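Data first, discussion second: the structure below is written as structure tokens.
Nothing here was measured: the structure is a model prediction, and the numbers come from that model. Numbers restart at 1 for each chain; the letters A, B, ... are given by sequence-line order, proteins then strands.
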2 protein chains.
Amino acid sequence: MRLSTRGRYGLKAMYQLAIHYGEGPIPLKNIADKQNLSENYLEQLVSVLRKEGLLNSVRGAQGGYMLSKAPMDITVGDILRILEGDMAPADCVTDGDFECENEENCVTKTVWIKIRDSIDEVIDSITLQDMLDKRQENDENTPVD
Amino acid sequence: MRLSTRGRYGLKAMYQLAIHYGEGPIPLKNIADKQNLSENYLEQLVSVLRKEGLLNSVRGAQGGYMLSKAPMDITVGDILRILEGDMAPADCVTDGDFECENEENCVTKTVWIKIRDSIDEVIDSITLQDMLDKRQENDENTPVD
DNA sequence: AGAATACCAAGCGAAATGGTTGGGATTAAA
DNA sequence: TTTAATCCCAACCATTTCGCTTGGTATTCT
């Protein structure tokens, strides 16, 4: 039950933008280079994050992307849900209108609900600011990238 | 981040076998019919569960499968890990020997660890017996299938 | 003998994944 | 005013994974 690269790269990119929050627009190329990702592919992910309101962009030379809100106001859950969809282990426990037959007597469904809820609790409780704080804990010599 | 049908069908099958624990071998056809799954496909999953020691089988007419242990001694985690592999959101937090560069300074990894651990806690704490108990809670008229 | 079962390996179409390609529009700087 | 940097967009593509199906063989009960 892995995340796809969408969620993983997306979080990396948002983290990288959080590091430079308040510095004006950061070009995608910088982010892709730092995190060692394909710029063209990352573009697709970032485009979705912008449309969903997590990022602002500035076009043209010296342009780039920046967080639309402070790092403490963006959670990992915000990012992952946009790029990966509901963090649900089965379709029957998504927000959507999917339904399986015999819903009431389905005991496995109760298991999927517990898994989903525990994931939600984790990802909704971690903000980009938390990640920035963690970064400084990690190593006094953490390079400012 | 959905489970595949392997994990979902596998848990359904194991639950069905738990319902009939102590009644001798249950043919795969019964299980497939009850849970509305392809018998041939289910066979592949069940075969793995047997090789990993969760099931015993009896060949020939009147044969079938049965749990190798009491329902209270088999967890959802046992089943899902066999059929889905590690319940880790990213390769870098599996039990395997995968490693990414810049491991020490990778803040996103700490996020994946928290997600993984919270999933583990849920699936390792639910046994098949818990599911049987839940079933009886659900409805006084729960049919014995 | 015949039917019911487990066991096994290979194949296979459809979908998802993880990109790449090729452009266009906008803007700052030279 | 040109040029380079950048965002923006849509289409395409190779590979892998998924969710089975097919076609058998071996075993055991009746």
Polar side-chain atom of Glu84(B) near backbone of Gly7(B) as donor-acceptor pair, under 3.5 Å: yes
Protein-nucleotide distance (Asp91(B), atom CG; dT16(D), atom C1'), rounded to Å: 14 Å
Candidate nucleotides dT5(C), dC7(D), dA28(C), ranked by approach to the side chain of Pro27(B) - the nearest: dT5(C)
Phosphate-side-chain proximity, Lys51(B) and dC8(C), N/O vs OP1/OP2 below 4.0 Å: yes
Residue list, side chain to side chain donor-acceptor pair (under 3.5 Å) with Asp73(A), at least two apart or on another chain: none
Length of the line joining Leu83(B):CG and dC20(D):P, which is rounded to integer Å: 14 Å
Distances under 3.5 Å between nitrogen or oxygen atoms of protein and nucleotides 21-25 of chain C:
{"residue": "dA25(C)", "atom": "N3", "partner": "Arg59(A)", "partner atom": "NH2", "Å": "3.4"}

Donor-acceptor pair, side chain of Arg2(B) and main chain of Met1(A), under 3.5 angstrom: no
Phosphate contact (dT20(C) OP1 or OP2) by Ser38(A) side-chain N/O below 4.0 Å: yes
Under-4.0 Å side-chain N/O to phosphate OP1/OP2 contact, Ser47(A) with dC8(D): no
Under-4.0 Å salt bridge between Lys134(A) and Asp130(A): no
Whole angstrom value for the distance that separates P of dT6(D) from CG of Leu42(A): 15 Å
Test side chain to side chain contact (heavy atoms under 4.5 Å, CB included) applied to Val122(A) and Val111(B), Ile115(B), Ile119(B), the passing residue: Ile115(B)
Shortest side-chain distance from Ser4(B), nucleotide among dG19(D), dA6(C), dA4(D): dG19(D)
Whole-Å distance separating the CE atom of Met1(B) from the P atom of dA16(C): 18 Å
Listed partners of Lys109(B) passing salt bridge (Lys or Arg N to Asp or Glu O under 4.0 Å), at least two apart: Glu103(B)
Approximate separation, where rounding is to 0.5 Å, of Tyr65(A) OH and Ile31(A) CD1: 8.5 Å
Touch class at under 4.0 angstrom, heavy-atom based, for Val46(A) against every strand present: nothing
Relative orientation of the end axes in the helix from dA1(C)-dT30(D) to dA30(C)-dT1(D), expressed as an angle to the nearest 10° (five pairs per end): 0°
Candidates dC8(D), dG19(C), dA6(C) - which lies nearest the side chain of Tyr9(A): dG19(C)
Between dT6(D) (P) and Glu39(A) (CD): distance, integer Å: 9 Å
For atom NZ of Lys29(A) and atom P of dA5(D), their distance in whole Å: 10 Å
Distance, rounded to the nearest Å, where Leu45(A) contributes CG and dG18(C) contributes C1': 10 Å
Partner residues of Asn30(B) under the side chain to side chain donor-acceptor pair (under 3.5 Å) criterion, sequence neighbours left out: none
Sequence neighbours excluded, every pair satisfying salt bridge (charged side-chain N to carboxylate O under 4.0 Å, His left out) that has a member inside residues 115-129 of chain A: Arg81(A)-Asp120(A), Arg81(A)-Asp124(A)
Rounded distance (Å) that lies between atom P of dT17(C) and atom CG of Leu37(A): 18 Å
Below 4.0 Å: OP1/OP2 of dC13(D) and any side-chain N or O of Tyr41(A): no
Phosphate contact (dT6(D) OP1 or OP2) by Ser57(A) side-chain N/O below 4.0 Å: no
Nucleotide nearest Arg50(B) when distance is taken to its side chain, options dA3(C), dC7(D), dC7(C): dC7(C)
Reference residue Glu52(A); test side chain to side chain contact (heavy atoms under 4.5 Å, CB included); the match among Leu54(A), Leu49(A), Val48(A): Val48(A)
Residue Ala61(A), side-chain atoms from C-beta onward, closest of dG19(C), dA4(D), dC8(D): dA4(D)
